[in-house]
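For reference, the structure is listed below as structure tokens.
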Amino acid sequence: TLFLKAAPYLGEQHSLQLGLSWARAGQFQQVLDEDEVAADDQFALEGHQTLWGLDMVYERDADGADGAGDLELVAEYLWLEKDMKVTGADAGVEVVAGDRVSGRQDGVYVQALYGVAPRWQVGLRHEVVGLKNELKEGGEHLSLKDSQRTSLVLSYRPNAASRLRLQLSSADIHDEDGAKTRLEQVSLGYTVTLGSHEGHAH
């Protein structure tokens, strides 16, 4: 893994960080089940995968009480490539040992967080996986649809060491056949930081 970060100076109330990252797994292994049913349709693969990433974080400190008026913008783009060979396959699969399987897929998310009042923060996040989503398997070239999720977040910090977070999410997920499934999710989380942390070293 390698990464590079750059943080140009924008003044006392603004900060910006730009990043480039790279990761490679030279002995990547994977087992696939075409329909997730116990039948004669599993196959194993071995090869390598490479992941590239670009990220950006911008923050504005509004000098408001307990984060009021603060703004944070975050974005990240990821590009994944796989190059593998089949090492073993069941009789019900269209690939055989030695066949090459390769794929390319990307993903992106953007997120905005804003301090609407002291200790209170709202956020909006949108994620997309598979704007580019290709698979070459056993001589067959597949182009798959993307999946997306949008989330609305409300969080409250009773103190510097804890946070209560409510998230509402709606997602459209496409499977290999192109069928879309709509998912709605509500989650509530409570986070506590133990030990030394920013602003409270002891």
Side-chain angles (χ1 to χ4, degrees), residues 1-7 16-58 73-112 123-151 153 167 169-185 187 189:
T1 61
L2 296 172
F3 67 88
L4 177 66
K5 299 289 185 180
L16 176 66
Q17 180 176 274
L18 305 172
L20 171 66
S21 59
W22 174 87
R24 181 179 173 88
Q27 294 180 319
F28 180 74
Q29 296 178 330
Q30 188 172 8
V31 176
L32 296 179
D33 186 338
E34 293 288 84
D35 57 10
E36 298 183 357
V37 177
D40 243 6
D41 59 358
Q42 291 186 342
F43 60 102
L45 305 124
E46 185 175 78
H48 66 262
Q49 68 171 0
T50 305
L51 179 68
W52 289 90
L54 293 170
D55 61 87
M56 182 276 295
V57 180
Y58 166 78
L73 302 175
V74 183
E76 186 171 16
Y77 176 80
L78 298 170
W79 174 267
L80 175 67
E81 291 187 354
K82 292 184 178 182
D83 188 7
M84 300 171 290
K85 284 188 178 181
V86 178
T87 57
D90 290 339
V93 186
E94 296 182 358
V95 295
V96 297
D99 281 354
R100 183 184 175 196
V101 176
S102 62
R104 297 186 297 175
Q105 186 182 56
D106 66 353
V108 62
Y109 78 85
V110 291
Q111 174 178 290
L124 183 65
R125 178 185 177 101
H126 186 66
E127 305 161 80
V128 184
V129 175
L131 291 169
K132 187 73 169 181
N133 202 0
E134 296 180 345
L135 179 65
K136 294 181 180 179
E137 180 182 293
E140 185 178 4
H141 185 186
L142 302 175
S143 183
L144 309 174
K145 291 186 177 181
D146 64 83
S147 296
Q148 303 188 24
R149 180 173 67 173
T150 301
S151 301
V153 175
Q167 178 171 311
S169 298
S170 177
D172 290 325
I173 308 298
H174 286 98
D175 62 18
E176 187 174 345
D177 297 323
K180 183 176 72 173
T181 301
R182 169 63 61 89
L183 299 176
E184 308 290 347
Q185 184 183 45
S187 61

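Because only heavy atoms are used, hydrogens play no part in the values below, and waters and symmetry mates are left out as well, while side chains stay in. We count residues from 1, following the sequence as given.
Side-chain atoms of Gln30 and Lys82 form a donor-acceptor pair, as typed in the model, at a separation below 3.5 Å.
Taking 4.5 Å as the limit, some side-chain heavy atom of Gln105 sits within range of a side-chain heavy atom of Val129.
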Arg125/Val153 under side-chain contact (heavy atoms from CB on, under 4.5 Å): CA gap, chis, key distance, verdict: CA-CA 8 Å; Arg125 178 185 177 101; Val153 175; 5.9 Å; no

Stepwise side-chain contact (heavy atoms from CB on, under 4.5 Å) test for Leu78 and Val108: CA-CA 6 Å; Leu78 298 170; Val108 62; over 6 Å; no

Chi angles and distances behind the side-chain contact (heavy atoms from CB on, under 4.5 Å) call for Leu45, Thr87: CA-CA 5 Å; Leu45 305 124; Thr87 57; 5.8 Å; no

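Listed by chain and number, the residues in a side-chain contact (heavy atoms from CB on, under 4.5 Å) with Lys5 are Phe3, Gln17, Asp55 (sequence neighbours excluded). Val74 is linked by a side-chain contact (heavy atoms from CB on, under 4.5 Å) to Val57, Glu72, Tyr109, Gln111, counting only residues two or more places apart in sequence or in another chain. In this view, Ser102 satisfies the side-chain hydrogen bond (donor to acceptor under 3.5 Å, both in side chains) rule with no residue, not counting sequence neighbours. With sequence neighbours left out, the side-chain hydrogen bond (donor to acceptor under 3.5 Å, both in side chains) criterion links Asp175 to no other residue. Among residues two or more places apart in sequence or in another chain, the salt bridge (charged side-chain N to carboxylate O under 4.0 Å, His left out) test is passed with Arg100 by Asp83. For Leu144, the side-chain contact (heavy atoms from CB on, under 4.5 Å) partners at least two apart in sequence or on another chain are Asn133, Leu142, Glu176. Shown here are the side-chain hydrogen bond (donor to acceptor under 3.5 Å, both in side chains) partners of Trp52, two or more places apart in sequence or in another chain: there are none. Partners of Ala112 according to the side-chain contact (heavy atoms from CB on, under 4.5 Å) rule, which considers only residues two or more places apart in sequence or in another chain, are Leu73. The side-chain hydrogen bond (donor to acceptor under 3.5 Å, both in side chains) search around Thr150 returns His126, not counting sequence neighbours. Residues passing the salt bridge (charged side-chain N to carboxylate O under 4.0 Å, His left out) test with Glu46, sequence neighbours excluded: none.
Applying the salt bridge (Lys or Arg N to Asp or Glu O under 4.0 Å) test to residues at least two apart or on different chains, the pairs with a partner in residues 138-149 are Glu127-Arg149.
Ser147 approaches Ile173 most closely through the heavy-atom pair OG-CA, 3.5 Å. In terms of heavy atoms, His48 sits closest to Phe28 at CA-CB, 4.2 Å. Nearest heavy atom pair, residue Val96 against residue Ala89, reads CA-CB, 4.5 Å. Across all non-hydrogen atoms, the minimal contact from Gly88 to Ala97 is N-CB, 4.4 Å.
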Could you list the donor-acceptor pairs under 3.5 angstrom formed by side chains in residues 178-185, with sequence neighbours left out?
from	atom 1	to	atom 2	distance (Å)
Arg182	NE	Asp172	OD1	2.4
Arg182	NH2	Asp172	OD1	3.1
Arg182	NH2	Asp172	OD2	3.3
Glu184	OE1	Ser170	OG	3.3
Glu184	OE2	Ser170	OG	3.3

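A donor-acceptor pair is defined here as one N or O able to donate and one able to accept, closer than 3.5 Å; no such pair exists between the side chain of Ser143 and the backbone of Glu134.
Of the inter-residue distances, the one linking Ser187 atom OG with Gln167 atom CD reads 4.5 Å to the nearest 0.5 angstrom. Rounding to the nearest 0.5 angstrom, the gap separating the NZ atom in Lys132 from the CD atom in Glu81 is 10.5 Å. The CG atom of Leu2 lies 5.5 Å from the CH2 atom of Trp22; values are rounded to the nearest 0.5 Å. Here the CG-OG1 distance, from Leu80 to Thr50, works out to 8.0 Å after rounding to the nearest 0.5 Å. If you take CD on Gln27 and CD on Gln49, they are separated by 12.5 Å, rounding to the nearest 0.5 Å.
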